[in-house]
Each structure stands twice: as C-alpha cells, then as structure tokens.
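What you see is a predicted model, and the numbers here were worked out from it, not measured in a lab. Values below: all heavy atoms of this structure, side chains included; hydrogens, waters and symmetry mates excluded.
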Amino acid sequence: PRYRCEMPPSSSDRETAVTGISWNPRMTSVFAVASKGWGVCIYDDREFTTVGTAAADRPVLGIEWQPHSEFVFASSDARLLAFWDARKMSVPTTLVVNPHGTSGTKAMDWSPLRTGLIATGGGNDDGCVRVWDTTSSASPVCIAEVSTSSQVSDIMWSPLSADELLSSHGHGGNNMRLWCLHGQNPTCLLEMENFGTADPQHNSTSVCPRILSIAGSPDGKSVVSAYG
C-alpha cells in the first residue's frame, strides 16, 4: 500500500477493528472509515491526511456515502442510523431504526436513482427492511417497511429500477429477496434460495449457509453472493 491510515487510539486492538469503508463518489480521493470502538474518520488520499473525525458512543457497524452528495454519508450501529455532514463532524442527525434491538443494523444502501432515499436492514432481533426519505423534512421519514422474519445481512438498490431493491438474509432465511416498492408495504417479487454445499462422497447436500454479503455487476444484470 502507498500508506496506512491509523485509527485514533483505543483501549484495545479489538475495539479499533474497521467495520466499513466507503469512497466519496463525488470527491474520489476522499473516503470514510468506520470503527467498532472509536467512531468515524475521513481521509484524503491526495495528502495522506485525516480531514475529519467523530467519536461514537456505540460500535459503528456500517458506513455508506450518499451517491448524490460530496458531504453527506450515513453510519449505523445497534439502534441508530446517523447522517453526517463531512464539513462539520460535530453532531450528526440520528434516527432510531431499531428501538429495542441489540444485534445491530449493518445492511444499508443509498438509492442511486432517487436522491435522499436510503434502505436499511435489521439484524436477528429486528429483521425488517425499511426505506427512509432523508429529504422530506428536518427528520428522515420511513416511507416503506416490511418484516422478513430473518436477519438482513446486506441490501442493495437496483441500478435499473428506482422501485426495486435486493436483500440478502442470514439466520432464519439464508436466501435473497427482490422487493418492489409501491406504497408503504414492499412486495416480494422473487425469492432466490441459497443452495447448500454438495458433498459428492456422501451423495448429499449440506444445510444452506447464511449469506453474508452481496454485490451487483455494473450493468445491473448479475449479483454475486458470499456466504459462510
């Protein structure tokens, strides 16, 4: 690597574990890093410098830069979704997405076609896919919600349709689901099962492992899933 970014010091190596990285889509030399035990840091690749930091009370589990903004990005933890302005890393706008949950909200994705929409997926004790409008008022508003009865491990918008998104599921599901957003109750258009691992020696198939993450191809026609 050209250089190494050091997170601010914490009480243990485990607490400084990096949980997410997201490049700024408008300023391609700038990226944000989320940490379990410290918070959020912003780095500039041109000058190898830290340009912004913000501590967090709880472990930050995910981070995503808004595709239509140079300055706005979101981070998540066990209960909250936080919206940050990189120009003033002081107090973010926070939103309670899982009031009683403890497993965390890691899955989130900004819509590439509709400005200000972000989808989130809850962990084991929540299991809900929600879509939030961050432009409608001073506080983000949930405009669509559906329970999946399973852990939402990852979520992504379709780059071809403004009303479709794909979620992947771990415990309780082990599959992928394509959702159509018409009204406040998303409709499941397609459910894709995750095939188990074949065992030629015993002529059997093992239990389906949980899907951990998904990634879409640039043309929007293919999806790769990782499981474990």
Where the side chain of [X] meets the backbone of [Y], is there a donor-acceptor pair that is under 3.5 Å apart?
X	Y	answer
Trp65	Pro25	no
Lys106	Gly62	no
Thr134	Gly116	yes
His171	Ser150	no
Asp154	Ser168	no
Thr19	Val60	yes

Tell me whether [X] shares a hydrophobic cluster with [Y], the cluster being built from Ile, Leu, Val, Met, Phe, Trp, Tyr side chains joined at under 4.5 Å.
X	Y	value
Leu190	Val223	yes
Leu160	Leu189	no
Ile143	Leu113	no
Leu181	Val146	yes
Met27	Val40	yes

If you count every heavy atom of other residues, nucleotides or ligands that lies below 6.0 Å from Gln184 atom CD, does the total exceed 12?
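Count not over threshold, so no.
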
Can you see which heavy atom on [X] is nearest to which on [Y], and at what distance?
X	Y	value
Arg26	Pro67	NE-O, 3.6 Å
Asn124	Gln151	OD1-CB, 3.1 Å
Cys142	Arg130	SG-CB, 4.2 Å
Asp133	Leu117	CA-CD2, 3.7 Å
Ala86	Ile42	CB-CD1, 3.6 Å
Ser69	Asn24	O-OD1, 3.9 Å

Could you tell me if the side chain of [Y] sits less than 4.5 Å from the side chain of [X], heavy atoms only?
X	Y	result
Thr148	Trp179	yes
Val129	Val152	yes
Leu212	Ser153	no

Drop me the distance from [X]'s [atom1] to [Y]'s [atom2], to the nearest 0.5 angstrom.
X	Y	atom1	atom2	result
Leu178	Ser158	CG	OG	7.5 Å
Leu166	Trp157	CG	CH2	12.0 Å
Ser167	Asp109	OG	CG	12.0 Å
Arg177	Ile155	CZ	CD1	11.5 Å
Glu164	Met156	CD	CE	11.0 Å
Thr135	His68	OG1	NE2	11.5 Å

Is there a side-chain contact (heavy atoms from CB on, under 4.5 Å) between His169 and Asn175? Walk through the geometry before answering.
CA-CA 5 Å; His169 302 269; Asn175 56 19; 3.5 Å; yes

Apply side-chain contact (heavy atoms from CB on, under 4.5 Å) to the pair Ile118 and Gln66, showing each step before the final yes or no.
CA-CA 9 Å; Ile118 185 170; Gln66 223 264 48; over 6 Å; no

